[in-house]
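See structure below.
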Amino acid sequence: MADASDFRSDTVTRPTPAMRRAMAEAVVGDDVLGDDPTVQELEAAAAAVMGKEAALFVPSGTMANALAVKAWTSALEEVIVEEKSHIFNMESTHLTFISRVMPRPLRSTRGAMDPEDIRRNIRTPNVHTPRTSLICVESTHNNWGGAVIPLENLKAVRRVALDHGIRVHIDGARIFNASVASGVPVRDFADQSDSIQFCLSKGLGAPIGSVLAADTKTIDLARRLRKALGGGMRQVGVIAAPGLIALGEMPARLGQDHARAKRLAAALAGLPGVELDPASVETNIILIGFAHPRLTIPQFLAALEARGVLALAVFGGIRFVTHKDVDDADVERAIEAAGAILKG
Ligand code: TLP
């Protein structure tokens, strides 16, 4: 639907006119041979923002997470993940398929795992058991409705990891949303990790791409792993160029998305069938439970779509995500449509 108000994800954002111009004018080279200056500029800028030695531009958040897990682990090892995390649930099993490690999912409070629970679940290897080598943390947490993992929790997780010689990787697909919502600089979050990945192609609006940041040795290894997985890209400055704009200019506007999510959440929360505590909406993701006397989730989504509003069924609920390509009018349209359908 051409003029739909699309709340399915912030991945649907289209490149801005400035991004398209940057793509057209990008200076490029063969990045597999190390010749693309635009990619090098993006990687250097990302490493600086994250306070890491080096960074690697990759096609997707899934590949960035997969490379991090592969770089930090070996077979016969275990990785602690949060039970609703994207890396454990929605990345086509690369933990087992690519890295051949055992995931150990832990419960959490809104995505924040209890450091003492982590400590209890760390395993030392013997003839029966794997070695725990990595802890993965996700912030903001997608399936916990965009929850920000508090810096204090990350610090405590990091202390447990250091006590046991274990690495920490942050899936920071939306770490800039976490930073804007909490006022904590992204670098302070990144400081609590050995590696962090973030997505340029979600709320930041670039058409493609994520960046993995870590120490130089690990990024060198990740570069080889990226090639092995077929992710070595050639004149890729054409997509790094909009990534530079995404990184430099787009975090500043994420607060607008958060304000719109709060407005939408407050209105949805009062409607029949909607299970939502609007106070739980911290960033740009609204995750609602749905139990309507007359409508199923697919029926509600179809009725919304008929009124030009798109949302997504996820994890037994429904997700609305705000982003730069939905404005106040789209939010009002969604509120009006949901009200008419659910009250009618
Ligand atoms: N999430 C997508 C879908 O996969 C659900 C979305 O629409 O939200 N980490 C987190 C926390 C993510 O939310 C996602 C994408 C990824 C990693 C993977 O990024 P991509 O899609 O670039 O592989």
Side-chain angles (χ1 to χ4, degrees), residues 6-15 46 56-70 79 81-95 97-98 103 105 108 110-113 136-149 154 169-179 181 186 189 193 195-213 222 226 229-231 233 236 239-240 242-243 246-247 254 257 261 282-287 301 310-326:
D6 193 345
F7 293 92
R8 288 172 301 167
S9 182
D10 45 12
T11 59
V12 305
T13 44
R14 311 238 163 86
L56 182 70
F57 184 46
V58 295
S60 68
T62 301
M63 185 182 277
N65 285 333
L67 295 180
V69 175
K70 186 74 186 154
V79 174
V81 292
E82 194 278 334
E83 66 173 351
K84 292 195 195 182
S85 61
H86 199 276
I87 208 165
F88 178 51
N89 292 283
M90 299 165 96
E91 298 188 2
S92 299
T93 74
H94 67 70
L95 286 166
F97 173 57
I98 296 175
S108 73
R110 291 179 51 74
M113 292 178 282
C136 294
V137 179
E138 179 176 324
S139 188
T140 65
H141 198 299
N142 190 343
N143 289 319
W144 279 100
V148 178
I149 306 302
L154 271 174
H169 170 67
I170 299 178
D171 175 358
R174 298 183 179 84
I175 198 69
F176 287 93
N177 295 83
S179 171
V186 281
F189 289 125
S193 71
S195 60
I196 182 166
Q197 82 89 9
F198 68 95
C199 295
L200 296 160
S201 66
K202 297 195 167 64
L204 301 184
I208 307 170
S210 292
V211 181
L212 177 66
R226 182 186 69 174
L229 294 176
M233 302 177 286
V236 71
I239 56 172
L247 179 61
L254 292 174
D257 300 343
E282 298 174 62
T283 57
N284 68 328
I285 301 179
I286 305 166
L287 202 56
L301 292 182
L310 305 181
L312 205 65
V314 286
F315 256 74
I318 299 173
R319 190 178 78 166
F320 291 82
V321 183
T322 54
H323 51 78
K324 76 172 183 62
D325 293 343
V326 287

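As the structure lists them, so they are numbered: ligands from 1, and atoms in each ligand from 1.
- Protein heavy atom closest to atom 23 (O) of ligand 1, with residue, atom name and distance, is T62 OG1, 2.6 Å.
- Ranking the protein heavy atoms by distance from atom 5 (C) of ligand 1 puts M90 CE, 3.5 Å first.
- Residue contacts with ligand 1 for E91 involve side-chain atoms from C-beta outward but no N, CA, C or O (heavy atoms, distance under 4.0 Å).
- Every heavy atom of H141 sits 4.0 Å or more from the atoms of ligand 1.
- Side-chain contact between L212 and M63: absent, with no pair of heavy atoms (C-beta onward) separated by less than 4.5 Å.
- Ranking protein heavy atoms by distance to atom 7 (O) of ligand 1, first place goes to S9 OG, 2.7 Å.
- Every atom of ligand 1 with a heavy atom of E138 under 4.0 Å away is listed here by number and element: 11 (C).
- Proximity of a side-chain donor or acceptor of E82 to a complementary backbone N or O of K84 within less than 3.5 Å is detected.
- What sits closest to atom 3 (C) of ligand 1 on the protein, heavy atoms only, is H86 NE2, 3.6 Å.
- A perpendicular orientation is assigned to the rings of F198 and F176, their planes being inclined by more than 60° (bins at 30° and 60°).
- Annotation: atom 19 (O) of ligand 1 to nearest protein heavy atom, K202 NZ, 3.0 Å.
- R319 contributes no side-chain N or O that, together with a main-chain N or O of A313, makes up a donor-acceptor pair within less than 3.5 Å.
- When each atom of ligand 1 is checked for a heavy atom of R319 under 4.0 Å away, the hits are 6 (C), 7 (O), 8 (O).
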Requested in this report: With salt bridge (charged side-chain N to carboxylate O under 4.0 Å, His left out) as the test, would you mind laying out the steps for K324 and D10 before giving the verdict?
Outcome: CA-CA 8 Å; K324 76 172 183 62; D10 45 12; over 6 Å; no
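- With respect to atom 22 (O) of ligand 1, the closest heavy atom belonging to the protein is G61 N, 2.8 Å.
- Nearest protein neighbour of atom 9 (N) of ligand 1, counting heavy atoms only, is D171 OD2, 2.7 Å.
- In terms of modelled atom types and a separation under 3.5 Å, the side chain of S9 and the main chain of T11 share a donor-acceptor contact.
- Of the N and O atoms on the side chains of N89 and N143, not one donor lies less than 3.5 Å from an acceptor on the other residue.
- Near S60, meaning under 4.0 Å from one of its heavy atoms, ligand 1 places the atoms 22 (O), 23 (O).
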Query - V326 vs V321, side chain to side chain contact (heavy atoms under 4.5 Å, CB included): CA-CA, chis, key distance, verdict - result: CA-CA 9 Å; V326 287; V321 183; over 6 Å; no
